Peer 1: 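The structure under discussion is supplied below as structure tokens; questions concerning it will follow.
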Amino acid sequence: MTVFSQGAAQSDPTVQPVPASVVEQVDAADMTLSNPRRAVIALGSNLGNRLETLQGAIDALEDTPGLRVKAVSPVYETEPWGVDPGSQPSYFNAVVVVKTTLPPASLLERGHAIEEAFDRVRDERWGPRTIDVDIVSYADVVSDDPVLTLPHPRAHERAFVLAPWLDVDPEAQLPGHGAIAELLTGVGRTGVQPRADLELRLPE
């Protein structure tokens, strides 16, 4: 299994290849899953210890029965979406790729449970939050269910989702929208800065 493109790793110092031993351990863990589906989850935090919170959310995902974290992106620092500049702290964003036997609705419930565990408050739209756990895509599922729209209805226009996703899966496609590399080129990287000094761990 190739999690990172070696070419990307050489040209972009923020992309670190996953050690082969870690990949082997994660692949071995997949033996506990029957017919797993691939899902992409976006994480964001702009309150408290942002890096620690992101890592805690990743570890909580790994602790979910029927789910294995396969790849963790580099960290990006981004300006808050939909609010006046300077009105909120900046976000730390990351993307994780998982394999799971959970159906989309159950994966959504788990995401909400993780948000609640980190005291996520939903008082206002675009408000600051300790943690955001968003399902970006689930296999090739396309659904307009208002409870869980797949893929995420705004992922194709958000560089803070596309940039870290491109790092962990350069060939990825967003169902209904095409290659994420092309989507990111169209959106641009303004306001999305890689943080090479920060690192999130792939759970062991």
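As a basis for the values below, the full set of heavy atoms in this structure was taken, side chains included, without hydrogen atoms, waters or symmetry mates. Everything quoted here is computed from the prediction, not taken from an experiment.
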Peer 1: Just wondering, do Thr101 and Asn35 contact through their side chains at under 4.5 Å, heavy atoms?
Peer 2: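 Sidechains of Thr101 and Asn35: no contact.
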
Peer 1: Checking Glu109 now: which residues fulfil side chain to side chain contact (heavy atoms under 4.5 Å, CB included) with it, not counting sequence neighbours?
Peer 2: none

Peer 1: Within a strict 4.5 Å, meaning less than it, do heavy atoms of the Arg38 and Val97 side chains meet?
Peer 2: yes

Peer 1: Do Glu62 and Arg68 make a side-chain contact, defined as non-hydrogen atoms from C-beta onward lying under 4.5 Å apart?
Peer 2: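 Touching, per the 4.5 Å side-chain cut-off.
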
Peer 1: I need the minimum non-hydrogen distance between Leu61 and Leu67, along with the two atoms involved.
Peer 2: O-CD2, 3.0 Å

Peer 1: Any chance the side chains of Ser73 and Asp167 put a donor and an acceptor closer than 3.5 Å?
Peer 2: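 Judged by distance alone, the side chains do not pair up.
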
Peer 1: Does His156 have any ring-ring contact (aromatic ring centres under 6.0 Å, His included) partners at least two apart in sequence or in another chain, and if so, which?
Peer 2: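 Expected list: His177.
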
Peer 1: Which heavy-atom pair separates Arg110 from Ala60 by the least distance, and what is that distance?
Peer 2: NH2-O, 2.8 Å

Peer 1: Please tabulate, one pair per line, all N/O donor-acceptor pairs under 3.5 Å involving side-chain atoms of residues 138-151, not counting sequence neighbours.
Peer 2:
residue : atom : partner : partner atom : Å
Tyr138  : OH   : Leu102  : O            : 2.7
Ser143  : OG   : Asp145  : N            : 3.2
Asp145  : OD1  : Val147  : N            : 2.8
Thr149  : OG1  : Asp145  : O            : 3.0

Peer 1: Less than 4.5 Å apart, side chain to side chain, heavy atoms only: is that true for Val95 and Ile41?
Peer 2: no

Peer 1: Not counting sequence neighbours, which residues clear side chain to side chain contact (heavy atoms under 4.5 Å, CB included) with Ala179? List them please.
Peer 2: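 By the side chain to side chain contact (heavy atoms under 4.5 Å, CB included) rule, Ala179 matches Gln173, Glu182.
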
Peer 1: Under 4.5 Å between any side-chain heavy atoms of Thr78 and Asn46, yes or no?
Peer 2: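 A side-chain contact is absent here, since even the closest heavy-atom pair is not under 4.5 Å.
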
Peer 1: Hey, is the main chain of Ala39 close enough, under 3.5 Å, to the side chain of Ser137 for a donor-acceptor pair?
Peer 2: no

Peer 1: Under the side chain to side chain contact (heavy atoms under 4.5 Å, CB included) test, which residues partner Ala163, sequence neighbours left out?
Peer 2: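 With sequence neighbours excluded, Ala163 shows a side chain to side chain contact (heavy atoms under 4.5 Å, CB included) to Tyr76, Leu184, Arg189, Val192, given in chain and number order.
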
Peer 1: Would you say Val168 and Val72 make side-chain contact, with heavy atoms under 4.5 Å?
Peer 2: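 Result no, sub-4.5 Å side-chain heavy-atom pair not found.
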
Peer 1: Listing request: all ring pair (Phe, Tyr, Trp, His ring centres under 6.0 Å) pairs with a residue in residues 179-204, at least two apart in sequence or in separate chains.
Peer 2: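 Applying ring pair (Phe, Tyr, Trp, His ring centres under 6.0 Å) to every pair that reaches into residues 179-204, excluding sequence neighbours, yields nothing.
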
Peer 1: Side chains of residues 50-57: which donor-acceptor partners sit under 3.5 Å, not counting sequence neighbours?
Peer 2:
residue : atom : partner : partner atom : Å
Arg50   : NH1  : Ser90   : O            : 3.0
Arg50   : NH1  : Ser90   : OG           : 3.0
Thr53   : OG1  : Asn49   : O            : 2.9
Gln55   : OE1  : Arg201  : N            : 2.7
Gln55   : NE2  : Asp59   : OD1          : 3.1
Gln55   : NE2  : Arg201  : O            : 3.2

